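Predicted model only: the values in this text are computed from it and were never measured. The figures that follow rest on heavy atoms only: side chains count, while hydrogens, waters and symmetry mates do not. Order of the sequence lines sets the chain letters (A, B, ...), proteins ahead of strands, with each chain counted from 1.
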Number of protein chains: 2
Amino acid sequence: MSTPGRGLHGHVLDTLGPAITAGEYPAGSVLRTDELAQRFDVSRSVMREAVRVLESMHLVESRRRVGVTVLPACEWNVYDPQVIRWRLAGADRPRQLRSLTVLRSAVEPVAAGLAARHATPEQCAELTECALGMVANSRGHRLQEYLVHDVAFHRVILTASGNEMFARLGDVVAEVLAGRTHHEVMFEDPDPAAVTLHVQVAEAVREGDADRAERLTREITVGALQELDILAP
Amino acid sequence: MSTPGRGLHGHVLDTLGPAITAGEYPAGSVLRTDELAQRFDVSRSVMREAVRVLESMHLVESRRRVGVTVLPACEWNVYDPQVIRWRLAGADRPRQLRSLTVLRSAVEPVAAGLAARHATPEQCAELTECALGMVANSRGHRLQEYLVHDVAFHRVILTASGNEMFARLGDVVAEVLAGRTHHEVMFEDPDPAAVTLHVQVAEAVREGDADRAERLTREITVGALQELDILAP
DNA sequence: GTGACTTATAAGTCTGACTTTTTGGTTCCG
DNA sequence: CGGAACCAAAAAGTCAGACTTATAAGTCAC
């Protein structure tokens, strides 16, 4: 996915990144650039570039006379799309999926409210189209087609909010929705109530009703939380 | 701040990063590694490491026979703390501050609600202490001392939420609060109502009243939005 | 045991030669 | 005139090796 194998250092990252985020090297582990270079059969220059990238993600720290130290998970740049992808591909996928879903539940309602205020006519149209696409594919095991429209729907909401930080979460939401469809629950057709909510959100945004858009989106995200059993007992 | 001058490539980044995020090189601009290396008087290896880091932040893209192309702002990893710092230090500081404040307004109330459910006794105590510290420094131009406790308060909330994604926004919130105190409004003592709200949030969290904690925190963030004139007419 | 000194180590840096990919032009044929 | 195949240049990518620098850790004298 995304941009695989953009050079040798990319290949190294595709191996080291997942290994570190999966906890294969516990925090405090020390690696040596030269040894890694040998192990991956690349030159030191290439290895150094890879380490620099890991360092910019705060996955490791490089210090003279010590080596490359793996940092504790609380230091990681968990918003880096690459890190998110690595973690979703690894062992703590469930944990990551929960974190992201909680984040969604905080952000998307507010984004929907803002979208109701700022969405352009084109975005409103697109939103309606997505909602209709969801309806059209909500029955008969058309999960793949449903997913496409679902992802597009949430992307438009986030973009139309006019907030760049929200907009950049589009990929994250896409990943979560895709993950839900492919690996987790959802073996049968999507919940009709959720579909209806999406249609209503599109309505609210079109009519510029920020409060209603926010409230309805909150219902959607509450549903997402419940699917993962994230709720007070 | 943070980790300045961690090697030559760090110095290059400290110059190139701000320049790019400030829009000094418009999207699509093409740079050449060799030329940059000459300009910064470093070897190509060092320059390449710097470019790799910028690439991992999606600020630039490096392609053979083309060069290093500056990417449009919508591609940037705007959650990267380094990128946030660069942008806050640059020309679109106001815009960045608004984006972050809106993000806060979405995240913090939810985080407070979760904190009410998950906070340990120690965190509750710390929270109360912070609130008291805010009260104690809310009068008599003790802005610096007030800020310290304010930042600590929000950090505890985000951490106590138990969500790693929220916890990592501590630095961002700190940056926003500091920015508000130093550069923007706030030449006089903080709003007494806001101080009271913080005390009440601490109460609500201590009592495990998630709804109240969320509602009160929402009031705090609404205040922050209003300070920046972000509200519907 | 404490402090100053030494040493070994691993990252950091630089240089130069070589490889690979890709673009844009050129040529040749239909 | 237009398109396909070809070629050459440009810039990133890779590698190997020599050298520098910071620093953790060990050593020794006091």
Side-chain angles (χ1 to χ4, degrees), chain A residues 2-17 19-20 24-72 75-76 82, chain B residues 2-17 19-20 25-72 75-77 82:
Chain A
S2 73
T3 321
R6 53 281 185 232
L8 283 187
H9 92 282
H11 172 248
V12 172
L13 283 175
D14 288 341
T15 310
L16 255 190
I20 293 174
E24 237 165 271
Y25 304 91
S29 307
V30 175
L31 312 169
R32 272 164 308 134
T33 307
D34 294 28
E35 193 217 319
L36 290 174
Q38 272 191 20
R39 174 133 61 91
F40 288 104
D41 194 38
V42 295
S43 67
R44 287 197 316 134
S45 348
V46 168
M47 196 59 228
R48 288 179 51 76
E49 289 172 27
V51 169
R52 281 280 178 267
V53 172
L54 293 175
E55 205 173 21
S56 87
M57 296 169 174
H58 280 82
L59 259 47
V60 303
E61 187 190 38
S62 178
R63 278 172 57 199
R64 270 182 154 135
R65 167 65 212 243
V66 174
V68 177
T69 313
V70 177
L71 292 175
E75 296 269 4
W76 299 348
Q82 183 78 89
Chain B
S2 74
T3 323
R6 52 284 185 230
L8 282 187
H9 92 282
H11 173 247
V12 171
L13 283 174
D14 288 342
T15 310
L16 254 190
I20 292 173
Y25 303 90
S29 307
V30 175
L31 312 168
R32 271 164 307 138
T33 306
D34 292 27
E35 192 217 320
L36 289 174
Q38 272 191 20
R39 172 132 62 91
F40 288 104
D41 194 38
V42 294
S43 66
R44 291 196 320 279
S45 351
V46 168
M47 196 60 228
R48 285 179 54 75
E49 288 173 26
V51 168
R52 280 279 177 271
V53 172
L54 293 175
E55 204 174 21
S56 87
M57 296 170 175
H58 279 82
L59 260 47
V60 303
E61 188 189 37
S62 178
R63 278 172 57 200
R64 272 182 154 131
R65 167 63 212 242
V66 173
V68 177
T69 313
V70 177
L71 293 174
E75 297 270 3
W76 299 348
N77 279 178
Q82 183 77 90

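Contact of the B:Thr33 side chain with the B:Arg48 side chain is registered, since non-hydrogen atoms from C-beta on lie closer than 4.5 Å. A:Asp14 places a side-chain heavy atom less than 4.5 Å from the side chain of A:Arg6.
The base of C:dT22 lies outside donor-acceptor range of the side chain of B:Arg64, with no N or O pair under 3.5 Å.
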Practice task
Mind running side-chain contact (heavy atoms from CB on, under 4.5 Å) on A:Leu16 and A:Phe40 for me, showing each step along the way?
Solution key: CA-CA 10 Å; A:Leu16 255 190; A:Phe40 288 104; 3.9 Å; yes

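Between the CD atom of A:Glu61 and the P atom of C:dG12 there is a distance of 11 Å, given to the nearest Å. Summarising the geometry, the separation between CD on A:Glu49 and P on C:dT13 is reported as 13 Å, rounded to the nearest angstrom. The distance between atom CZ of B:Arg65 and atom P of C:dG24, rounded to the nearest whole Å, is 7 Å. Atom P of nucleotide C:dC14 and atom CZ of A:Arg48 are separated by 10 Å, given to the nearest angstrom. Atom CZ of A:Arg44 is separated from atom C1' of C:dG12 by 8 Å (rounded to the nearest Å).
Other residues, nucleotides and ligands place more than 12 heavy atoms under 6.0 Å from the CD atom of A:Glu35.
The footprint of chain B on DNA chain D, defined by a heavy-atom cutoff below 4.0 Å, extends from D:dA9 to D:dT14.
Contact annotation for A:Val66: backbone-only contact, meaning every heavy-atom pair under 4.0 Å involves sugar-phosphate atoms and none involves a base. Using a 4.0 Å heavy-atom distance criterion, A:Ser62 is classed as a sugar-phosphate-only contact. Across all strands shown, A:Arg63 has heavy atoms under 4.0 Å from sugar-phosphate atoms exclusively, and none from any base.
The residue from A:Leu54, A:Thr69, A:Val30, A:Val53 that alone fulfils the side chain to side chain contact (heavy atoms under 4.5 Å, CB included) condition with A:Val60 is A:Leu54. Considering A:Arg52, A:His9, A:Glu55 in turn, A:Arg52 is the only one that fulfils the side chain to side chain contact (heavy atoms under 4.5 Å, CB included) rule with B:Glu49.
The two residues B:Ser56 and A:Ser56 come nearest to each other via the heavy atoms OG-OG, 3.0 Å. Closest approach of B:Tyr25 to B:Val70, counting heavy atoms only: O-CG1, 3.5 Å. Of all heavy-atom pairs spanning A:Met47 and A:Ala37, the tightest one is CG-N, 3.7 Å.
For the segment residues 33-43 of chain A, residues with any heavy atom less than 4.0 angstrom from an atom of DNA chain C are, sorted by number, A:Thr33, A:Asp34.
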